[in-house]
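Everything below concerns the one structure shown next.
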Amino acid sequence: MSEVDQKTKQEFQREIEGLEAKQKDITKYIGIRDQLQTQLTENDIVLRELKLVNSKSIVYKQTGPVLVKQDLEEAKVAVSTRISYISTELERQEKEISALQKGQDQHKQKLRTIQSRLTPPSQAKA
């Protein structure tokens, strides 16, 4: 086997490893995104419920194992702030996933190019 073929195979192996790393990272970020989406949905439900409560009702907030009285407006602001934070984090995760997918596509393109160099012309026609 020629030295060029060996270098090409090593380059191919590096690209495969890079692609696998990107896939692993994408899976991790998708898990985080799904968790954030669940939290966002839960907080949206809480905010809708708080809007239905009349101003004379007592609202409690769980702090560790204890329920503590909380002002209704304070609770609405806290949930709204949490929703804002989660939404921002969700957008960040989406951008990260998108960037990783672009990197994954680049690895795939490089792999196709390298594979075409490794495949002898007689096999490429078959």
Side-chain angles (χ1 to χ4, degrees):
M1 187 179 319
S2 73
E3 186 177 321
V4 174
D5 284 347
Q6 189 63 30
K7 285 183 180 180
T8 304
K9 285 184 179 186
Q10 288 173 350
E11 183 182 358
F12 189 77
Q13 186 61 37
R14 280 193 305 273
E15 289 300 324
I16 287 175
E17 289 168 0
L19 179 63
E20 289 171 348
K22 292 274 193 277
Q23 289 171 335
K24 184 179 177 183
D25 287 344
I26 288 171
T27 301
K28 179 179 87 172
Y29 282 104
I30 287 174
I32 293 169
R33 181 194 62 193
D34 291 347
Q35 183 180 6
L36 287 168
Q37 190 63 50
T38 301
Q39 289 175 352
L40 183 62
T41 302
E42 290 170 353
N43 281 281
D44 281 336
I45 292 169
V46 169
L47 187 59
R48 276 188 267 144
E49 290 293 322
L50 287 173
K51 288 179 180 179
L52 296 175
V53 173
N54 69 40
S55 61
K56 297 188 189 317
S57 298
I58 299 173
V59 177
Y60 292 92
K61 161 180 144 175
Q62 185 172 0
T63 306
V66 179
L67 291 176
V68 179
K69 280 187 184 181
Q70 186 176 27
D71 179 60
L72 178 60
E73 288 306 311
E74 187 181 312
K76 287 180 183 179
V77 169
V79 173
S80 294
T81 303
R82 210 173 2 209
I83 288 172
S84 175
Y85 170 76
I86 292 170
S87 296
T88 302
E89 190 61 25
L90 199 52
E91 288 174 20
R92 193 177 73 77
Q93 294 298 320
E94 288 291 345
K95 288 178 185 176
E96 190 66 35
I97 290 169
S98 178
L100 286 168
Q101 287 173 334
K102 286 179 185 176
Q104 185 179 30
D105 291 342
Q106 290 172 347
H107 281 293
K108 287 178 182 179
Q109 183 60 40
K110 287 179 184 177
L111 284 169
R112 279 189 223 101
T113 304
I114 295 168
Q115 190 172 19
S116 68
R117 285 188 281 161
L118 287 173
T119 307
S122 61
Q123 289 182 358
K125 293 178 184 176

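Quantities reported herein were computed from a predicted structural model and do not represent experimental measurements.
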Distance check, rounded to the nearest 0.5 Å: [X] atom [atom1] versus [Y] atom [atom2]?
| X | Y | atom1 | atom2 | value |
| --- | --- | --- | --- | --- |
| Ser98 | Gln93 | OG | CD | 12.5 Å |
| Gln101 | Lys108 | CD | NZ | 9.0 Å |
| Gln37 | Glu42 | CD | CD | 11.0 Å |
| Thr38 | Arg33 | OG1 | CZ | 10.5 Å |
| Arg14 | Lys110 | CZ | NZ | 10.0 Å |
| Lys22 | Asp105 | NZ | CG | 11.0 Å |

Would you please say whether a donor-acceptor pair under 3.5 Å links the side chains of Asp44 and Thr41?
no
Is a side-chain donor-acceptor pair under 3.5 Å present for Gln109 with Arg112?
yes
Pick one: which of Gln10, Glu17, Lys9 meets side-chain contact (heavy atoms from CB on, under 4.5 Å) with Gln13?
Glu17
Only one of Ile83, Ile86, Asp34 clears side-chain contact (heavy atoms from CB on, under 4.5 Å) with Gln39; which?
Ile86
Under 4.5 Å between any side-chain heavy atoms of [X] and [Y], yes or no?
| X | Y | result |
| --- | --- | --- |
| Leu40 | Leu36 | no |
| Val59 | Asp71 | no |
| Glu91 | Glu94 | no |
| Leu100 | Gln104 | no |

With sequence neighbours excluded, tell me which residues meet side-chain contact (heavy atoms from CB on, under 4.5 Å) with Leu67.
Tyr60, Gln62
Indicate, with yes or no, if [Y] and [X] share a hydrophobic cluster defined by side-chain heavy-atom contacts under 4.5 Å among Ile, Leu, Val, Met, Phe, Trp and Tyr.
| X | Y | value |
| --- | --- | --- |
| Leu47 | Val53 | yes |
| Leu90 | Tyr85 | yes |
| Leu19 | Ile30 | no |

Sub-3.5 Å donor-acceptor pair from the side chain of Thr27 to the main-chain atoms of Gln23, do we have one?
yes
Closest heavy-atom pair and its distance - Ser55, Leu72
CA-CD2, 3.9 Å
So, are Glu73 and Lys76 salt-bridged, with charged N and O less than 4.0 Å apart?
yes
Carboxylate-amine/guanidinium contact Glu89 Arg92, below 4.0 Å:
yes
